[in-house]
Each structure stands twice: as C-alpha cells, then as structure tokens.
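Start at 1 and go down the list; that is how both ligands and their atoms are numbered.
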Amino acid sequence: MIRPEVDLGVTLGRIAMRNPIATASGCSGYGEELARFYDLSVLGAIVTKSITLKPREGHPPPRLAETRAGLLNAIGLANVGLEAFLGEKLPALAAYDVPVIVNVAGATREEYVEVAAALDAARGVAGIELNVSCPNVKQGGIEFGVDPAALAGLVEAVRPRVARATLIVKLSPNVTDIAVTARAAVEAGADALSLINTLRGLAVDPWTGRPVLTNVTGGLSGPAIKPVALYMVRRAWEQVAGPRGVPILGLGGVQFVEDVLEFLRAGATAVSVGTANFVDPETGPRLVEGLKGALARLGCGSPRDLVGRLDLG
Ligand SMILES: Cc1cc2nc3c(=O)[nH]c(=O)nc-3n(C[C@H](O)[C@H](O)[C@H](O)COP(=O)(O)O)c2cc1C
C-alpha cells in the first residue's frame, strides 16, 4: 500500500490546530509545567487551568487520590485569578506558537460573563472553554452543567460577549443523557463542545472511615473513564454535533495513540490529554508523533478522515 502524506492539521471552530492533540484543563497549569519538558509549540493547542474572577486557593490537601485505574481530584479551582492570568500567565504563553484556549469557571452567570468578555478582548486567546461543572450559587449550588435550562441561560449570556475567540462548552458527564445538555449548549450558541469533565466519585479510608479527600467527593479521571467518555462523545456527535457541523474536543483517559484514534472515530475532531501527563509529561509530543504513523498505516491523509468513522457493519 502506498502510504499518503499525512497532514495533521484540524480546525476547532475558528482555531487552526497544527495537530489534534491539546492539553486538558487543570493538568498542566498555565503551561509552565510542561514547558520544562518540551516546546509547547509542537502541540495543537494548550488548554489552561480554570480561571475565575478572583484568585482561589482551592481545597486544603489531600485533594488528589489515586484509584486503581485513575485519579480522583478535588482541587477546588485553585488558580491565580483573571488579573494575574492576563498580566503574567498569558504573556508567557504568547512565547509559544500554539493556540491558547482559556478555561473559565464561575459561581454565577455574571462571573462567567465578566471573565469571558475580558479574555475575548485580550490578545492571544484563541478559545474560551466554559467549565460548567461549577455549582451555581444562585440556584442552590446545583451544577450549571447538569441542568439544561441553567446551561442554556449561561451560554446565552456569555455568547454575545465572546466575538473573537471560539466559544467551547465543556460538558459534565454527571447527567442521564449527554445529548440533552449538548443540545442546550449548541442551541445557545456554542461554537464547539468539549467532553467529558470528571465523573463524581468517593474514596474512603477503610480503617478510619474517613473520606480520603478533604472535600469528601472528587472527580474521577484517567483510563477508568475512557469508555464513558467515548460513549458520550459518540452520543453527542450523533445526536447534536455531527449533523450541525459543531466540532468536538474529546477527552477522558487519552494516553496512547490508539485512544486518539478511538476518540476520532467516535466523533471528536481533536482530543485533550489530562491525567496521562502525570504518568508521562511527554505524552503530548509522543501522541503527535505516533498519530502521523498510525494515520499513514490506515491510509488516511488527515485525522479528519476518521472523524465519526465507526464501522457498524
Ligand atoms: C488534577 C485535575 C485538575 C483538573 N482541573 C480542571 C479544571 O480546573 N477545569 C476543568 O474544566 N477541568 C479540570 N479537570 C478535568 C480535566 O480537564 C478532564 O476533563 C478530565 O480529567 C478527563 O480527562 P483525563 O482523563 O485525560 O484527565 C481536572 C482534572 C484533574 C485530574
């Protein structure tokens, strides 16, 4: 078989990515951690830790617990806050030739709007990813992302204030049917979807009876959640995103090149890598290299050729 020249480039909304491999929010801060290991410009995009209006310390430790096939975390959105992000972290990221997607979190609709609008006005922000797995303090603490009406209201409020950057809504998997929240986000104006965020979990010390995390519950990530993530990407793609041409950034347990192929086939245009960075910080560049060979082996000239391609016989 003649192997085609592979062009790894993909587009996520208006973001031109040189390959479909991005970082996942919260697993490599604002890029500095990974920049010690490799040149960030080899990636398709950098997704930052969630940024809130004011700096946050997050929860006291322990806030991470390893599980048999994953990681449970309750970091509590520790971050430097909008002002320090714009003043210090974003300029440092501009040194790299890579699109920056800034993840945004908030406790109220107004907080999301204020942070998103400021980021949209800043130079060097290619995308804004809304982390909707945050409790909405005005609605009794229920997550924005599990209530389709609250989610639609949030995206509708942010949408007119994000004119330049690509608006990505990161869906929570803690719902009965991901198609319902995917539809709410897209109909409210999302340019792209990312999924999935972590699945809620609990770890207990069997001898003391204490929860391992100070926050009691945490979010599960890593290899354990990959099949759930693939199913949800597939469902969101089939029911909502695919027919409307809305791209999906897939994530949840991506570690090996085969995982990337699976996510593309399920319907993702690109993937984010989170927990795998704690095992091997060079996972990103390794996947970029591996993907070229894997696509050539499949006779594909582009990752786009695989998007949504499940062989159902
Ligand atoms: C330590 C840690 C911190 C995280 N922080 C954030 C965050 O600030 N905002 C967010 O949207 N997702 C956050 N996530 C979720 C990841 O971005 C991702 O959705 C999830 O971990 C699944 O991908 P993975 O299995 O590749 O880690 C965090 C995950 C971990 C493990």
**Item:** Ion pair check, E32 and K89, cut-off under 4.0 Å
**Value:** yes
**Message:** Do the side chains of R200 and E143 get close enough for a salt bridge, i.e. N-O under 4.0 angstrom?
**Reply:** yes
**Asked** At a 4.0 Å threshold, what atoms of ligand 1 neighbour a non-hydrogen atom of A24?
**Response** 17 (O)
**Asked** Could you state the interatomic distance from CG (L8) to CG (L291), rounded to the nearest 0.5 Å?
**Response** 5.0 Å
**Complete:** Closest heavy-atom pair, A22 versus V47, reported as atoms and distance to 0.1 Å, is CB-CG2, 4.4 Å
**Asked** Residues two or more places apart in sequence or in another chain: which of them pass salt bridge (charged side-chain N to carboxylate O under 4.0 Å, His left out) with R265?
**Response** none
**Asked** N197 heavy atoms, cut-off 4.0 Å: which ligand 1 atoms fall inside?
**Response** 10 (C), 11 (O), 12 (N), 15 (C), 19 (O)
**Prompt:** Considering distance alone, does some N or O of G253 sit under 3.5 Å from an N or O of ligand 1?
**Reply:** yes
**Message:** If we count only N and O atoms by modelled type, under 3.5 Å, do the side chains of S50 and N79 hold a donor and an acceptor together?
**Reply:** no
**Asked** What is the nearest protein non-hydrogen atom to atom 20 (C) of ligand 1, stated with its residue, atom name and distance?
**Response** T198 CG2, 3.8 Å
**Complete:** Check: of K170, Q255, R63, min heavy-atom distance to atom 12 (N) of ligand 1 comes from K170
**Prompt:** How close does the nearest protein non-hydrogen atom get to atom 21 (O) of ligand 1, and which residue and atom is it?
**Reply:** S221 CB, 3.1 Å
**Prompt:** Please state which protein non-hydrogen atom is closest to atom 8 (O) of ligand 1 and give its distance, to 0.1 Å?
**Reply:** K49 NZ, 2.9 Å
**Asked** ligand 1 versus V47, non-hydrogen atoms closer than 4.0 Å: side chain, backbone, both, neither?
**Response** neither
**Request:** Would you mind telling me if ligand 1 is within reach of the side chain of E129, the backbone, both or neither, using heavy atoms under 4.0 Å?
**Result:** neither
**Atoms in ligand 1 flagged as close to G274, the criterion being non-hydrogen separation under 4.0 Å** = 26 (O), 27 (O)
**Request:** Could you find the nearest protein heavy atom to atom 9 (N) of ligand 1 and give me its residue, atom name and distance?
**Result:** S50 OG, 2.8 Å
**Request:** Check the angle between the aromatic planes of Y30 and F85 and answer parallel, tilted or perpendicular using the 30° and 60° thresholds.
**Result:** tilted
**Prompt:** N/O of I196 under 3.5 Å from N/O of ligand 1, yes or no?
**Reply:** yes
**Item:** Set of salt bridge (charged side-chain N to carboxylate O under 4.0 Å, His left out) partners for E187, sequence neighbours left out
**Value:** R244
**Request:** Quickly, which of Q239, R235, R183 forms a side chain to side chain donor-acceptor pair (under 3.5 Å) with D177? Name it, please.
**Result:** R235
**Request:** Do me a favour and list the nearest non-hydrogen protein atom to atom 3 (C) of ligand 1 with residue, atom name and distance?
**Result:** G26 O, 3.4 Å
**Nearest-neighbour protein heavy atom for atom 28 (C) of ligand 1, which is reported as residue plus atom name and distance** = S25 O, 3.4 Å
**Message:** On a heavy-atom basis, which atom in V146 and which in S172 lie closest, and how many Å separate them?
**Reply:** CG1-OG, 4.0 Å
**Request:** Provide, to 0.1 Å, the distance between atom 29 (C) of ligand 1 and the closest protein heavy atom, together with that atom's residue and name.
**Result:** N73 ND2, 3.5 Å
**Item:** Heteroatom proximity flag, G222 to ligand 1, N/O under 3.5 Å
**Value:** yes
**Prompt:** Are the side chain of R63 and the backbone N or O of G76 linked by a donor-acceptor pair below 3.5 Å?
**Reply:** no
**Per-residue contact class, N103 against ligand 1 - non-hydrogen pairs under 4.0 Å** = side chain
**Message:** Just to be sure I read this right, does ligand 1 sit under 4.0 Å from the backbone of C27, its side chain, both, or neither, counting only heavy atoms?
**Reply:** side chain
**Complete:** When distances are taken from atom 27 (O) of ligand 1, the protein heavy atom at minimum range is T275 OG1, 2.6 Å
**Complete:** ligand 1 to N131, heavy atom cutoff 4.0 Å, flagged ligand atoms 9 (N), 10 (C), 11 (O)
**Item:** Basic-acidic side-chain contact under 4.0 Å: E110, K138
**Value:** yes
